[in-house]
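Take a look at the structure below.
If you're wondering where the values come from, they're calculated on a predicted model, not measured in any experiment. Values below: every heavy atom of this structure, side chains too, minus hydrogens, waters and symmetry copies. For reference, positions follow the sequence shown, starting with 1.
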Amino acid sequence: MKKIILFLSFIFLFSCSNSGKNTNIVKVGYIGESDRVIWEEVMSQVSNENIQIELISFADYLLPNQALNDGEIDLNNFQHYAFFNNEVETKGYKLTAIADTCLAAMNIYSQNITNINEIKEGDKIAIPNDPSNGGRALKVLESAGLIKLKDKSIANPELIDISENPLNIEIVEVDAGSIYSLLPDVACAVINCNFALNFGLNPDEDSIFKDNPSNYADKNYINIIAARTEDKDNEIYKKIVKAYQSEEVKNIYNKDFKGAYIAVW
């Protein structure tokens with residue numbers, strides 16, 4: 001009888017000691033349901049670290065940084081440095097990038113040619129018409145050897161910043177979401193990876209010129225994980241970053257995103 005009582009006491013003490021472990025809940029903001037598959041892998045990896053990630057989806061790009069700054073979420077992952085730095089500067093957010101994740105590739109696609117070298121005198125090329133994506137598209141065209149820009153340090157160059165256009169290419173500026181519909185009528189187009197995937201393009205196989213982190217002199221277009229500045233050294237967040245920057249996530253990039261995301265770690 002004494003042995004039974006001692007055994008039951010042990011079980012009780014063991015269960016109490018385990019129930020005393022606090023689960024660390026970390027709220028992560030993101031945009032675009034396609035990225036959920038990435039975070040599900042991260043969630044799986046950190047679950048044995050007593051960390052529970054709660055995903056918070058946002059529909060508006062202006063909301064995740066505000067929510068992070070206001071303490072409604074703990075981390076976010078949806079933006080590149082150029083967007084992030086502008087938000088911090090203009091809105092006074094106390095936020096810090098704690099990890100680099102990927103370059104969301106902005107490739108060149110065509111329905112009329114199969115090689116960038118087939119571009120001819122006077123051909124038309126479509127690019128996005130908003131300052132951020134349009135400026136980046138011009139840098140992609142420069143990397144492809146089609147134009148030269150006056151100053152590589154300009155964050156968002158415009159058409160007036162083109163210093164050399166040896167083939168007299170006509171650059172057509174249109175809404176980023178409408179570029180795919182123009183492919184039959186232009187030699188090629190620079191298309192954001194999210195629209196490329198939405199339109200059924202395979203960034204790895206269908207592009208005639210691939211974007212690459214080495215195409216840029218800075219990290220402006222590298223995507224990040226951000227935290228409040230006061231929490232930038234949080235050990236729990238470091239474990240989440242380690243899980244994100246893993247071979248398993250690289251494999252998801254390649255399999256699920258077809259080369260649209262290029263890991264930079």
Checklist entry - Do N223 and D100 pass the side-chain hydrogen bond (donor to acceptor under 3.5 Å, both in side chains) test, and can you show the C-alpha distance, the side-chain angles, and the key distance before you say yes or no? => result CA-CA 6 Å; N223 286 6; D100 296 349; over 6 Å; no
When you look at [atom1] of [X], are more than 12 heavy atoms from neighbouring residues, nucleotides or ligands closer to it than 6.0 Å?
X	atom1	answer
K232	NZ	no
K210	NZ	yes
E158	CD	no

Working to the nearest 0.5 Å, report the span between [atom1] of [X] and [atom2] of [Y].
X	Y	atom1	atom2	value
S57	I31	OG	CD1	7.5 Å
I147	L138	CD1	CG	5.0 Å
N48	K239	CG	NZ	9.5 Å
K250	I252	NZ	CD1	13.0 Å
L159	E170	CG	CD	10.5 Å
K148	D161	NZ	CG	16.0 Å

Checklist entry - Would S132 and F83 satisfy side chain to side chain contact (heavy atoms under 4.5 Å, CB included), going step by step from the backbone distance to the final call? => result CA-CA 9 Å; S132 178; F83 184 89; over 6 Å; no
Checklist entry - Does S34 have any side chain to side chain contact (heavy atoms under 4.5 Å, CB included) partners at least two apart in sequence or in another chain, and if so, which? => result F257
Answer yes or no: is there a donor N or O on one side and an acceptor on the other, between the side chain of [X] and the main chain of [Y], under 3.5 Å?
X	Y	result
N202	E205	yes
S207	P203	yes
N107	D211	yes
N85	Y81	yes
N76	G29	no
S110	I113	yes
K150	I160	yes

A side-chain contact here means heavy atoms from C-beta on lying under 4.5 Å apart; do [X] and [Y] qualify?
X	Y	value
V174	L182	yes
L75	I98	yes
I73	E54	no
P128	I179	yes
V42	I53	yes
V172	I127	no
K94	E230	no
L62	K91	yes

Item to check | Identified ring pair (Phe, Tyr, Trp, His ring centres under 6.0 Å) partner of Y180 from the options F195, F199, Y109 | outcome: F199
Between [X] and [Y], what is the shortest heavy-atom contact and its length?
X	Y	value
I236	I51	CG2-CD1, 3.7 Å
I108	A144	CD1-CB, 4.1 Å
N215	S143	CB-OG, 3.3 Å

Item to check | Residue pair N198, N194: steps toward the side-chain hydrogen bond (donor to acceptor under 3.5 Å, both in side chains) verdict | outcome: CA-CA 6 Å; N198 290 344; N194 58 319; over 6 Å; no
Is it the case that the side chains of [Y] and [X] hold a donor-acceptor pair, with the cut-off being a distance below 3.5 Å and no angle test?
X	Y	answer
Q52	S47	no
Y93	R228	no
Y261	D35	yes
N24	N50	no

Checklist entry - Under 4.0 Å between a Lys/Arg side-chain N and an Asp/Glu carboxylate O for E142 and K152? => result yes
Checklist entry - Yes or no on side-chain hydrogen bond (donor to acceptor under 3.5 Å, both in side chains) for E72 and N69, after CA distance, side-chain angles and deciding distance? => result CA-CA 8 Å; E72 296 172 8; N69 189 74; over 6 Å; no
Item to check | Check: Y221 ring centre within less than 6.0 Å of Y216 ring centre | outcome: yes
Checklist entry - Can we call the ring centroids of F78 and W39 under 6.0 Å apart? => result no
Checklist entry - I125 and I191: same hydrophobic cluster, using ILVMFWY side-chain contacts below 4.5 Å? => result no
Item to check | Sequence neighbours excluded - side-chain hydrogen bond (donor to acceptor under 3.5 Å, both in side chains) pairs with any residue from residues 112-131 | outcome: T114-E118, N115-N117, E121-N168, D130-N133
Checklist entry - Given the rule in the side chain to side chain contact (heavy atoms under 4.5 Å, CB included) test, do D231 and D74 qualify, once you have shown the distances and angles that lead to the verdict? => result CA-CA 9 Å; D231 298 325; D74 304 300; 6.0 Å; no
Item to check | Verdict with reasoning, D256 to N251, per side chain to side chain contact (heavy atoms under 4.5 Å, CB included) | outcome: CA-CA 8 Å; D256 293 73; N251 291 336; over 6 Å; no
Next on the checklist: Using side chain to side chain contact (heavy atoms under 4.5 Å, CB included), reason through V190 and L141 one step at a time and then give a plain yes or no.
Outcome noted: CA-CA 8 Å; V190 187; L141 294 180; 3.8 Å; yes
